[in-house]
There are 2 protein chains.
Amino acid sequence: MRSGSHFAQTASSNPLVNSPCEKCNVAGMSLCHALSCDDLKKLSSISTAVEVGKGVTIINEMDPADFLFNVTGGSIKLYKLLPDGRRQMTGFLFPGDFLGIAMNDCYAYSAEALEDCKLCRFPRAKLEALLKEIPDLENRLLNMLSNELVLAQDQMLLLGRKTAIEKVSSFLLALSKRTKSKTGTGDVISLPMGRSDIGDYLGLTTETVSRTLTNLKKKGIISIPTNGQLEINDMEELTDLAEGMD
Amino acid sequence: MRSGSHFAQTASSNPLVNSPCEKCNVAGMSLCHALSCDDLKKLSSISTAVEVGKGVTIINEMDPADFLFNVTGGSIKLYKLLPDGRRQMTGFLFPGDFLGIAMNDCYAYSAEALEDCKLCRFPRAKLEALLKEIPDLENRLLNMLSNELVLAQDQMLLLGRKTAIEKVSSFLLALSKRTKSKTGTGDVISLPMGRSDIGDYLGLTTETVSRTLTNLKKKGIISIPTNGQLEINDMEELTDLAEGMD
DNA sequence: ATAAGTCTTTGATGTAGGTCAATATGACGC
DNA sequence: GCGTCATATTGACCTACATCAAAGACTTAT
């Protein structure tokens with residue numbers, strides 16, 4: 001058991017907090033975006049705030065998909081496994097992101113907390129009932145899914161056709177863009193995941209990720225002041241590298 | 001200009017046919033699935049039946065996404081390009097599939113007809129208006145998107161972590177499964193796309209796809225009676241190969 | 001502070017699949 | 001049927017990245 005965890009139980013068994021949506025720090029950037037006060041109350045009534053510690057598995061691929069989640073704090077990695085243990089990260093989640101899409105009522109991937117996390121949990125059946133009641137909510141979900149699908153297709157292009165340096169550059173840029181859209185600046189980004197997580201996201205090995213980052217450092221394009229944090233010094237060059245324009 | 005094309009114009013400029021949804025051959029497996037007669041009429045009223053010839057580009061990545069489509073006949077390839085021409089197929093569409101998801105009002109990929117195709121075309125603005133009117137329709141779209149997202153994640157696992165033989169086996173199995181769900185049997189599948197299309201879908205080269213297929217033929221797992229058609233002789237073995245259980 | 005464990009970096013070597021090039025096969029028009 | 005063109009196959013060779021192995025650098029516990 002990891003000692004760094006402040007919270008020990010799994011997400012579905014131990015809701016430590018049960019705060020209403022009104023206080024939510026991600027309202028307006030998330031599922032609840034642009035809901036009327038009334039609708040927000042309805043959503044609030046079926047949701048439970050949950051906290052999970054770093055390293056805790058939040059959902060397991062193939063388990064019945066009884067809950068959906070909205071991330072309100074921390075960061076999460078999503079992944080799928082092959083029988084022999086090979087792993088593919090399908091995404092990283094940050095506050096505002098949605099978790100829990102399923103097929104045949106089972107989760108399509110596993111999710112693990114990269115840091116201590118806060119989540120807003122919805123029973124699937126209740127959320128689905130609410131979708132029929134609140135068209136705005138359904139519409140919002142539709143838009144989020146459609147965006148995710150576009151990103152998934154970008155990732156296919158990356159995985160299938162980009163070189164190691166293009167992959168790493170694209171990854172850093174995507175994180176930067178995300179950070180910028182929230183904080184206004186995307187020059188310094190946080191890297192809560194390890195090298196091997198990044199490798200499994202980009203279809204590379206830990207070693208190749210590390211070598212590629214050193215390479216970018218040597219060229220002066222990035223610096224890594226502390227592990228877990230990265231600074232982009234030459235955004236233009238990184239952008240060119242990401243698209244193979246070199 | 002290709003001589004094999006029966007239809008010369010692009011999809012958005014030349015609706016040759018304008019038949020109502022009532023006659024549609026894919027109703028019940030598509031967007032229009034489970035709509036009431038009344039709702040179907042509304043949907044019908046904003047749709048235009050369109051035919052495009054083999055090789056015609058139906059939509060272009062980055063063009064304004066003015067239309068959405070439902071495939072009613074033929075097959076289509078979807079792809080994204082890098083500046084230097086490297087290509088990643090993001091999917092193949094068959095009757096019943098939906099085409100046209102976008103981000104920032106622009107198409108996220110290009111689409112080209114693999115064979116002469118029939119499509120059902122909806123102006124985006126009108127369809128979006130209709131979504132608000134018909135919750136069932138929105139719900140249906142939500143389910144379709146969510147399924148597509150799950151498939152996209154499977155494809156990430158394939159692209160990032162599978163070997164050539166696992167990729168090709170998985171691809172054939174996926175086509176087989178699709179065929180089976182429609183026709184009842186999945187032992188013989190049609191391959192309307194060329195080797196290089198398959199390669200660009202699997203993150204491989206034409207040559208590697210070809211070598212891998214001959215490999216599978218030599219092992220007796222598949223046969224290729226004519227180009228454009230493929231028979232699976234040992235489904236079990238192919239399934240094991242697809243997941244790396246060998 | 002120190003020890004133990006984990007994660008990252010760096011180096012040496014191997015290989016799956018890419019690249020380049022030469023046939024072979026099939027589709028279509030005449 | 002015959003020539004042309006596009007696509008598929010096969011072979012020889014190469015390279016980007018993986019694998020294997022050995023230091024460093026952090027982290028946390030005592």
Side-chain angles (χ1 to χ4, degrees), chain A residues 1-6 53-55 77 82 84-88 114-115 158-169 191-218 222-230 241 244 246, chain B residues 1-6 53-55 77 84-88 114-116 158-169 191-218 222-230 241 244 246:
Chain A
M1 186 65 205
R2 276 169 177 276
S3 48
S5 294
H6 301 159
K54 177 174 172 175
K77 62 184 180 191
L82 283 171
D84 65 1
R86 277 173 288 170
R87 188 177 65 158
Q88 177 67 41
L114 285 165
E115 318 165 86
L158 178 147
L159 289 168
R161 289 300 179 217
K162 288 191 179 178
T163 65
I165 193 160
E166 290 163 4
K167 286 177 174 181
V168 172
S169 304
L191 290 179
M193 67 296 285
R195 299 287 182 269
S196 109
D197 290 339
I198 299 176
D200 283 346
Y201 183 59
L202 301 176
L204 298 171
T205 57
T206 312
E207 293 94 325
T208 301
V209 172
S210 180
R211 276 186 250 271
T212 307
L213 285 173
T214 331
N215 193 341
L216 287 171
K217 270 193 286 191
K218 279 182 185 157
I222 62 168
S223 354
I224 306 190
T226 87
N227 240 333
Q229 206 162 28
L230 183 146
L241 283 174
D246 263 56
Chain B
M1 186 66 202
R2 278 168 175 275
S3 49
S5 294
H6 300 158
K54 177 174 174 175
K77 61 185 180 191
D84 64 1
R86 277 173 289 171
R87 188 177 65 156
Q88 177 67 40
L114 284 166
E115 319 164 86
D116 294 342
L158 178 148
L159 289 169
R161 288 300 180 217
K162 288 190 180 179
T163 65
I165 193 161
E166 289 163 4
K167 286 177 174 180
V168 172
S169 304
L191 290 179
M193 68 295 285
R195 299 288 183 269
S196 109
D197 290 339
I198 299 176
D200 283 345
Y201 183 59
L202 300 176
L204 299 171
T205 57
T206 311
E207 293 94 325
T208 301
V209 172
S210 181
R211 276 186 251 271
T212 307
L213 285 173
T214 23
N215 194 340
L216 287 170
K217 271 192 287 190
K218 279 180 187 159
I222 62 167
S223 356
I224 306 190
T226 86
N227 241 332
Q229 205 162 30
L230 183 146
L241 283 174
D246 263 58

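Each chain gets a letter, A, B and so on, in the order the sequences are listed, and its residues count up from 1.
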> Yes or no on side chain to side chain contact (heavy atoms under 4.5 Å, CB included) for A:N227 and A:R195, after CA distance, side-chain angles and deciding distance?
Replying inline: CA-CA 10 Å; A:N227 240 333; A:R195 299 287 182 269; 3.0 Å; yes

For this session: I would like to know whether A:L213 and A:L230 meet side chain to side chain contact (heavy atoms under 4.5 Å, CB included); could you show each step before the answer?
Result: CA-CA 10 Å; A:L213 285 173; A:L230 183 146; 4.3 Å; yes

Apply side chain to side chain contact (heavy atoms under 4.5 Å, CB included) to B:L216 and B:L241, showing your working.
CA-CA 10 Å; B:L216 287 170; B:L241 283 174; 3.7 Å; yes

Next item on the list: For the pair B:D197 and B:R87, evaluate side chain to side chain contact (heavy atoms under 4.5 Å, CB included) and give the outcome as yes or no after the intermediate values.
Entry: CA-CA 9 Å; B:D197 290 339; B:R87 188 177 65 156; 2.9 Å; yes

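For D:dA18, one of the phosphate oxygens OP1 or OP2 lies less than 4.0 angstrom from a side-chain nitrogen or oxygen of A:T205.
Distance A:L204 CG to C:dA16 C1': 15 Å, rounded to the nearest Å. The CG atom of A:L191 sits 16 Å away from the P atom of D:dC26 (whole-angstrom rounding). Between the C1' atom of D:dC17 and the CZ atom of A:R161 lies a distance of 16 Å, rounded to the nearest Å. Put simply, CG on A:D197 is 16 Å from P on C:dT6, counting in whole angstrom units. In this entry the distance linking CD1 of B:I198 with P of D:dA8 reads 8 Å, nearest Å. Atom pair B:L202:CG and C:dG18:C1' shows a separation of 15 Å (rounding to whole Å applied). Separating the CG atom of A:L114 from the P atom of C:dT6 is a distance of 18 Å, rounded to the nearest angstrom. Rounded to whole Å, atom C1' of D:dT7 lies 18 Å from atom CD of B:Q229.
Residue A:G203 is in sugar-phosphate contact alone, with no base atom involved, counting any heavy-atom pair closer than 4.0 Å across all strands shown.
For the residue pair A:R86 and B:G244, the shortest heavy atom distance occurs at NH2-CA, 4.0 Å.
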Close N/O contacts between protein and nucleotides 8-11 of chain C (under 3.5 Å):
| residue | atom | partner | partner atom | Å |
| --- | --- | --- | --- | --- |
| C:dT8 | OP1 | A:R195 | N | 3.2 |
| C:dT8 | OP2 | A:R195 | N | 3.2 |
| C:dT9 | OP1 | A:R195 | NH2 | 3.4 |
| C:dT9 | OP2 | A:R195 | NE | 2.7 |
| C:dT9 | OP2 | A:S210 | OG | 2.8 |
| C:dT9 | O5' | A:S210 | OG | 3.1 |
| C:dT10 | OP2 | A:T214 | OG1 | 3.0 |
| C:dG11 | N7 | A:R211 | NH1 | 2.9 |
| C:dG11 | O6 | A:R211 | NH2 | 3.3 |

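Under the 3.5 Å distance criterion, the side-chain polar atoms of A:Q229 are left unmatched by any main-chain donor or acceptor of A:I224.
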